[in-house]
Number of protein chains: 2
Amino acid sequence: MLKLKPYREILNYAVSMAALLLLLRWLEFRLLVLEHRLEIYISIIALLFLLFGIWLANKVTKPKVETIVVEKEIRVPIENFMLNETELQLRNISKRELEVLTLMAQGMSNLEIAQQLFVSLNTVKTHSAKLFEKLEVKRRTQAIETAKKLQLLPPTLG
Amino acid sequence: MLKLKPYREILNYAVSMAALLLLLRWLEFRLLVLEHRLEIYISIIALLFLLFGIWLANKVTKPKVETIVVEKEIRVPIENFMLNETELQLRNISKRELEVLTLMAQGMSNLEIAQQLFVSLNTVKTHSAKLFEKLEVKRRTQAIETAKKLQLLPPTLG
DNA sequence: TTAAAAATCACCCAAAAGGATGAGTGATGA
DNA sequence: TCATCACTCATCCTTTTGGGTGATTTTTAA
């Protein structure tokens with residue numbers, strides 16, 4: 001079976017065109033026989049093709065899209081955030097753990113973090129568990145708080 | 001002085017139309033005099049009006065409007081935190097909910113919050129659930145993040 | 001080369017968080 | 001007085017988090 005879909009539109013146009021031409025023939029016959037003025041005949045043709053053109057253009061042209069960009073202002077405190085490397089080393093926090101911490105601070109779930117880092121959920125759990133030890137906290141919300149105080153994370157991650 | 005702008009487009013169309021008709025007249029004259037076949041004349045008319053229709057349609061169709069909201073960060077000097085009351089009212093966040101949010105941001109568990117506020121765990125859960133709706137988030141960590149961005153909480157709670 | 005640290009993943013279990021829904025009470029305002 | 005809203009609490013159920021333990025593979029540094 002041939003795939004007809006791509007050709008359907010084209011077929012549509014062809015058929016429409018053919019119908020129009022037939023109509024014109026008929027009009028020609030009728031009008032000329034009845035000895036109407038040529039101008040009327042031509043005007044009708046013009047009008048029909050004008051309409052056909054409009055219709056065709058509407059069918060074929062991609063819809064114009066006008067994009068309006070609305071800027072929404074969000075206030076962020078000025079800070080040149082300097083990561084506190086000393087504290088990092090002191091607490092023996094690894095790069096990977098810091099990554100996990102950062103994503104955590106952005107409100108991501110462990111599963112989301114796992115997907116983002118292309119590792120398993122279990123791995124993320126392990127990292128977070130170690131983080132909690134090293135930061136001496138019990139929950140991720142505390143971890144984020146503490147990390148910000150220790151300048152391991154920027155105050156408000158934008 | 002009359003304001004012409006609104007009429008310019010219409011004028012344009014009118015002039016184009018007139019030009020087309022003149023062209024047709026001329027063609028009529030030329031072709032008939034030179035005894036060409038009527039069909040050619042008509043075809044040309046049809047084609048011209050077809051094109052005109054297409055052009056017209058393209059000119060006239062209103063573009064579809066698409067709105068994109070872009071978050072624009074505005075860096076402000078480190079602030080003496082001012083609670084954003086407007087946002088509070090906009091989102092319909094109650095005093096109690098804000099209290100819960102604040103304690104959440106300090107890393108407290110729902111149970112701890114409940115004890116602090118002398119209410120039941122279930123109550124805290126209800127508050128937090130409503131908060132998540134109003135802040136359009138899924139998790140408490142996101143709630144805290146968002147609240148800080150919206151200035152419902154101080155950047156880093158000391 | 002070898003030992004230590006980092007990163008990966010698994011399994012089990014328990015606690016916490018979250019979703020959905022219903023419902024009672026008191027304060028407020030039309 | 002009646003409706004509305006904030007606050008309170010409950011139940012049931014699911015998902016997420018967190019704790020503990022162990023194990024394999026890479027990387028790093030001695």
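Just so it is clear: chains get the letters A, B, ... in the order the sequence lines come, proteins before strands, and each one is counted from 1. Just so it is clear, the values below take in all heavy atoms, side chains as well, and ignore hydrogens, waters and symmetry mates.
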Residue list, side-chain contact (heavy atoms from CB on, under 4.5 Å) with [X], at least two apart or on another chain:
| X | answer |
| --- | --- |
| A:Thr123 | A:Val119, A:Ser120, A:His127 |
| A:Glu99 | A:Arg96, A:Leu117 |
| B:Gln115 | B:Leu111 |
| B:Leu51 | B:Leu47 |

Show each protein N/O and nucleotides 28-30 of chain C N/O combination with a separation under 3.5 Å, one pair to a line.
none

[N] OP1/OP2 closer than 4.0 Å to side-chain N/O of [X]:
| X | N | value |
| --- | --- | --- |
| B:Arg96 | D:dT8 | yes |
| A:Asn110 | D:dT15 | no |
| A:Ser94 | C:dA5 | no |

* To do: Scan for salt bridge (Lys or Arg N to Asp or Glu O under 4.0 Å) pairs involving residues 43-54 of chain A, sequence neighbours excluded, and state none if there are none.
  =>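 Listed by first then second residue: nothing to list.
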With sequence neighbours left out, which residue pairs that include part of residues 42-57 of chain B fulfil the salt bridge (Lys or Arg N to Asp or Glu O under 4.0 Å) condition?
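Listed once each, the pairs would be none.
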Checklist entry - Quick one: bend of the helix from C:dT1-D:dA30 to C:dA30-D:dT1 from 5 pairs per end, to 10°? => result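 Its terminal axes enclose an angle near 60°.
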All salt bridge (charged side-chain N to carboxylate O under 4.0 Å, His left out) counterparts of B:Glu85, not counting sequence neighbours: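 Salt bridge (charged side-chain N to carboxylate O under 4.0 Å, His left out) check on B:Glu85 returns nothing, list empty.
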query = Does B:Lys125 have any salt bridge (charged side-chain N to carboxylate O under 4.0 Å, His left out) partners at least two apart in sequence or in another chain, and if so, which?
reply =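 Result, salt bridge (charged side-chain N to carboxylate O under 4.0 Å, His left out) vs B:Lys125: none returned.
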message: Nearest to the B:Arg140 side chain among C:dT8, D:dT17, C:dA17, which nucleotide is it?
response: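 Output: C:dA17.
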Q. Is the shortest side-chain N to carboxylate O distance from B:Lys130 to B:Glu97 below 4.0 Å?
A.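 Looking at B:Lys130 and B:Glu97, the cut-off is not met.
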Readout for nucleotides 24-30 of chain D: B = base within 4.0 Å of protein heavy atom, S = sugar-phosphate only, - = neither; 5' to 3' it is -------
Go through residues 122-134 of chain B and report each residue with a non-hydrogen atom lying under 4.0 Å from DNA chain D, sorted by number.
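Hits under 4.0 Å, by residue number: B:Asn122, B:Thr123, B:Thr126, B:His127.
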